[in-house]
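Indexing begins at 1, ligand by ligand and atom by atom, following the structure's order. Residue numbers count from 1 along this sequence.
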Amino acid sequence: MSTLLNVEDIHTYYGDSYVLQGLSIHVDEGETLGILGRNGMGKTTLINSIMGFVPPRRGAIHFRGEDITTANSFDISKMGIGLCPQGRRVFPTLSVRENLLVAQQEHDVGYRWDFKEVYELFPRLGERAGQRAGSLSGGEQQMLAVGRALMTNPSCLIMDEPSEGLAPMIIQDIGNAIQSLKAEGLAVVLVEQNAAFAVKTVDRVCVITNGKVVYESSPQELWADEDVRRNHLGIG
Ligand SMILES: Nc1ncnc2c1ncn2[C@@H]1O[C@H](COP(=O)(O)OP(=O)(O)OP(=O)(O)O)[C@@H](O)[C@H]1O
Ligand SMILES: [Mg+2]
């Protein structure tokens, strides 16, 4: 399996605040990677570094073999990394359809995702295409956030805590959507505090504590390791 995304020993700061302290991860083509860790450990900062929002001061990030360490966010998105941000971030006053439309990227040759395909994945969005996004339920807004990321036609989809604040049945719907994306070969990075959800969904997990990867294994191994669960995830 070839490496799609490679984050090598990155060091990322907010001003003087030293957050990522030599963090490395990789994602293979078609792989689903779970990134776990408690509040404030650096998960979103890792995403901010990958997407070019807060580039690392040291270390390197490669996507499809190209160095994107200092690339801008727009180019990174065009190269095929799609982001479904923490807190959903849909435009509340725009309709569902308009939210999808503004996320769409021009493609010269074939594309996979357009309105029709997003509505097939999430029929509830199709039923509510003309409705203001701000009037959707939390679960529907999360589906829209995933749809917006897909409209960029990514080869790697990064999702930052998609289960946050959602009821178990809706989390299941999001999990099913991830499974079908995975089945068609899309690489997915799933950042989660909900470890129970992540381990059911991904192929491999990394645990981040204090800006470093402190543990990496199969989801089954992680779930069986009480020490890691207690010390690094706060569940026991
Ligand atoms: N814009 C910012 N400016 C300064 N410090 C920040 C900023 N964003 C995050 N931090 C700090 O960086 C550290 C890592 O935050 P980060 O958002 O990456 O954590 P996280 O693992 O995503 O947490 P959560 O699970 O709560 O989303 C925290 O100490 C946080 O307070
Ligand atoms: Mg976060």
Side-chain angles (χ1 to χ4, degrees), residues 5-27 32-61 68-70 72-73 76-77 81-90 138-139 141-146 148-149 154 156-168 170-171 174-175 178 188-202 204-217 219 222-223 228-236:
L5 176 66
N6 199 16
V7 174
E8 298 156 88
D9 190 28
I10 61 168
H11 298 255
T12 302
Y13 298 69
Y14 296 105
D16 291 337
S17 172
Y18 182 27
V19 177
L20 300 186
Q21 308 190 351
L23 187 151
S24 302
I25 57 150
H26 71 276
V27 184
T32 311
L33 175 68
I35 308 261
L36 304 177
R38 290 192 306 233
N39 274 127
M41 288 301 169
K43 303 183 298 297
T44 300
T45 305
L46 167 62
I47 294 176
N48 288 344
S49 291
I50 295 170
M51 296 307 297
F53 302 139
V54 187
R57 286 197 202 158
R58 274 203 285 145
I61 305 173
I68 60 164
T69 318
T70 58
N72 72 54
S73 306
I76 291 168
S77 161
I81 306 184
L83 173 64
C84 179
Q86 185 165 15
R88 339 224 197 276
R89 305 284 186 90
V90 299
Q141 289 190 17
Q142 185 59 59
M143 292 171 193
L144 181 55
V146 176
R148 283 173 48 77
C156 179
L157 173 65
I158 300 180
M159 307 173 86
D160 196 351
E161 304 211 22
S163 80
E164 207 172 15
L166 301 183
I170 307 292
I171 297 177
I174 301 292
I178 296 172
V188 177
V189 178
L190 177 64
V191 171
E192 268 297 338
Q193 280 213 37
N194 183 340
F197 168 57
V199 297
K200 276 189 285 185
T201 311
V202 301
R204 184 161 61 88
V205 288
C206 291
V207 176
I208 298 182
T209 294
N210 295 327
K212 286 195 191 81
V213 173
V214 293
Y215 185 86
E216 183 182 341
S217 73
L222 171 94
W223 207 240
V228 175
R229 284 169 51 177
R230 192 175 326 109
N231 297 331
H232 296 291
L233 302 176
I235 47 175

Which atoms of ligand 1 are found less than 4.0 Å from any heavy atom of [X]?
X	result
Thr44	17 (O), 18 (O), 20 (P), 22 (O), 27 (O)
Gln86	27 (O)
Glu161	24 (P), 25 (O), 27 (O)
Gln193	24 (P), 25 (O), 26 (O)

I'd like the name of whichever of Val191, Thr45, Ile35 reaches closest to atom 18 (O) of ligand 1 through any heavy atom. Thr45

Candidates Tyr18, Phe53, Tyr13, Tyr14; heavy atom nearest atom 2 (C) of ligand 1 found on Tyr14

Under 4.0 Å, heavy atoms only, figure out whether ligand 1 is touched by the backbone of Val19, its side chain, both or neither. side chain

Taking only protein atoms, how many N, O or S atoms are found under 2.8 Å from the Mg ion (ligand 2)? 2

Check whether any protein heavy atom sits under 4.0 Å from atom 31 (O) of ligand 1. no

So is there a nitrogen or oxygen of Gly42 less than 3.5 Å from a nitrogen or oxygen in ligand 1? yes

Donor-acceptor pair, distance only, cut-off 3.5 Å: does the side chain of Arg148 make one with the backbone of Arg88? no

Would you mind reporting whether Ile81 and Ile50 have side-chain heavy atoms less than 4.5 Å apart? yes

